[in-house]
Amino acid sequence: MGEPFLLTPGPLTTSFAVKQAMLRDWGSWDGDFRAMTADMRRRLLALLGADQGAFECIPMQGSGSYLVEAMLGTMVPKDGKLLVLANGAYGLRAAKTMEAIGRAYHLLDKGDYLPPRGVEVADILANDPAITHVLAIHCETSSGILNPIAEISQVTYAAGRKLLVDSMSAFGAVPMEPDQIRYEALVSSANKCIEGVPGFGFALVRRSELIATKGNCHSLSLDLHAQWENLEKSGQWRFTPPTHVVAAFLEALKAHEAEGGVAVRGARYTSNRDVMVAGMRELGFETLLDARWLSPIIVTFFCPADERFVFDRFYELMKDKGFIIYPGKLTVVESFRIGCIGQMDEAIMRRVVAAAKQSLEELGVTSAAPPQAAFEERKKLNA
């Protein structure tokens with residue numbers, strides 16, 4: 001349709017059917033829209049697999065950060081304490097959220113990308129009995145790393161604590177079935193791996209935990225328990241929902257199911273990543289992460305050392321060729337990111353590589369090799 005492909009971790013490139021679903025107006029109180037909400041909640045719970053009956057799905061207006069705040073403010077007791085595991089911008093944002101809402105927290109900051117490991121979590125929990133909950137970022141899109149949620153969950157529950165998961169950029173493509181990896185709540189967003197558009201997110205919360213949170217939230221509008229109660233009572237959102245976005249998301253959920261669900265969606269994204277990474281490496285680019293840590297969501301590349309490479313110019317050249325890429329977030333080495341999710345396949349990713357090759361030629365860059373400092377950074381992760 002002449003639009004550029006969004007090579008970002010969301011918003012992302014959506015299907016024509018998803019766009020088309022937004023062309024009708026809906027009454028938020030009407031029975032048809034309430035039925036859409038109920039269908040959406042049911043379909044999202046189905047993605048949890050065998051233990052879906054123990055969970056509730058609670059949609060909430062706003063961006064992903066709204067949902068993280070809603071989860072933390074609802075699930076962490078006022079006299080509780082949260083261990084925040086951070087290895088990028090989104091873990092640090094969660095810590096700022098806890099500070100803003102006036103709840104106690106301990107921050108484990110691993111820097112730009114180093115993953116929090118189970119042994120570290122176990123040590124902190126053993127030395128701080130006040131900690132009641134742990135927050136882990138499933139896929140930290142600052143770097144593109146897929147964090148070791150399974151080992152974090154194992155040590156969290158071995159220590160008698162509870163796990164909360166920000167799976168904003170991974171849910172729908174990376175399995176998070178609670179009978180395999182234990183957690184009490186997970187949040188994600190409409191405009192990520194389900195391939196909807198921005199406007200709301202959702203929390204998947206263990207019902208036994210949710211019931212106990214009544215009156216706990218610091219916020220009127222971000223109270224997951226109150227939103228759930230209202231949905232159960234009337235089928236309606238408490239406040240005006242983004243009706244067009246919900247309609248689009250329901251269409252995206254149907255397409256997700258038709259494609260084959262989480263496993264097949266994840267396989268397509270993984271194939272996108274592998275084709276793109278192989279092609280970029282052939283051009284001389286280097287990834288921050290090795291295969292062990294690469295997510296199928298987004299990949300961080302080091303910028304070339306060649307002084308003729310200027311990211312802003314590279315960005316514009318890629319956009320001219322139909323691809324919008326993402327600036328890097330590393331603080332020590334220049335980088336950029338390329339997303340693998342959305343309505344894209346291997347053929348599109350080969351076009352991305354061809355566009356990158358042409359853009360380098362237009363810049364006069366003869367080598368995409370990064371500076372030595374980039375290799376030194378990568379050694380830290382391998383260690």
Side-chain angles (χ1 to χ4, degrees), residues 9 44-55 68 71-72 75-76 82-88 90-91 94 106-111 113-126 131-188 192-193 203-206 208-209 261-267 269-270 273 289-299 340-341 381-383:
L44 284 168
L45 286 171
L47 299 183
L48 295 181
D51 274 4
Q52 62 182 275
F55 281 72
V68 172
M71 176 174 67
L72 298 181
M75 303 302 295
V76 180
L82 180 71
L83 170 57
V84 179
L85 307 179
N87 58 334
Y90 296 98
H106 177 103
L107 173 63
L108 173 63
D109 184 0
K110 297 299 297 289
Y113 58 88
L114 292 176
R117 302 309 303 266
V119 64
E120 297 173 293
V121 176
D123 184 60
I124 293 170
L125 295 179
I131 293 172
T132 56
H133 292 72
V134 176
L135 173 72
I137 312 299
H138 194 179
C139 176
E140 175 51 80
T141 54
S142 295
S143 63
I145 193 169
L146 198 61
N147 281 319
I149 298 295
E151 72 177 57
I152 292 168
S153 173
Q154 185 176 14
V155 299
T156 296
Y157 287 95
R161 301 341 201 273
K162 298 172 181 179
L163 180 63
L164 308 175
V165 181
D166 172 352
S167 189
M168 209 57 62
S169 298
F171 184 78
V174 181
M176 273 301 288
E177 298 180 1
D179 66 329
Q180 301 296 316
I181 299 176
R182 170 101 190 188
Y183 54 87
E184 306 309 309
L186 171 154
V187 289
S188 191
K192 305 292 186 178
C193 294
L204 301 171
V205 185
R206 193 176 299 275
S208 58
E209 290 294 309
V262 174
V264 179
R265 179 64 56 88
Y269 291 167
T270 299
R273 177 200 67 195
L289 308 173
D290 61 22
R292 177 184 181 187
W293 298 107
L294 280 177
S295 77
I297 310 302
I298 192 167
V299 179
C340 312
I341 65 178
L381 181 60
N382 293 335

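The structure presented is a predicted model; accordingly, all values stated were derived computationally and were not measured.
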So do the side chains of Tyr90 and Ser142 get within less than 4.5 Å of each other, counting heavy atoms only? yes
For the pair Ser153 (side chain) and Ile149 (backbone), establish whether a donor and an acceptor sit closer than 3.5 Å, ignoring hydrogens and angles. no
When every non-hydrogen atom of Ile341 is compared with those of Pro296, the smallest separation belongs to CG2-O, 3.9 Å
Any Val187 side-chain heavy atom under 4.5 Å of Met168 side chain: yes
Within the structure provided, determine whether Tyr157 and Glu184 are in side-chain contact (heavy-atom separation under 4.5 Å). yes
For residues Leu85 and Ile137, determine if any side-chain heavy atom of one lies less than 4.5 Å from a side-chain heavy atom of the other. no
Taking every heavy atom of Arg161 against every heavy atom of Ile131, the minimum-distance pair comes out as NE-O, 2.5 Å
Contact summary for Ser167 and Met176, nearest pair of heavy atoms: OG-CG, 4.4 Å
Met75 side chain reached by Arg206 side chain, heavy atoms, under 4.5 Å: no
Looking only at heavy atoms, the pair that brings Pro115 and Glu120 closest together is O-OE1, 3.9 Å
Check Val68, Asn147, Leu186, Leu72 against Asp166 for a side-chain contact (heavy atoms from CB on, under 4.5 Å) and give me the one that passes. Val68
Step by step, work out the side chain to side chain contact (heavy atoms under 4.5 Å, CB included) result for Val165 and Ile181. CA-CA 11 Å; Val165 181; Ile181 299 176; over 6 Å; no
Would you name the heavy atoms of Ile145 and Asn87 that are closest together and state the gap between them? CG2-ND2, 3.5 Å
What is the minimum heavy-atom distance between Ile297 and Ser169, and which atoms define it? CD1-O, 3.2 Å
I want to check something: taking the side chain as every heavy atom from C-beta on, are Met71 and Leu135 in contact at a cut-off of under 4.5 Å? yes
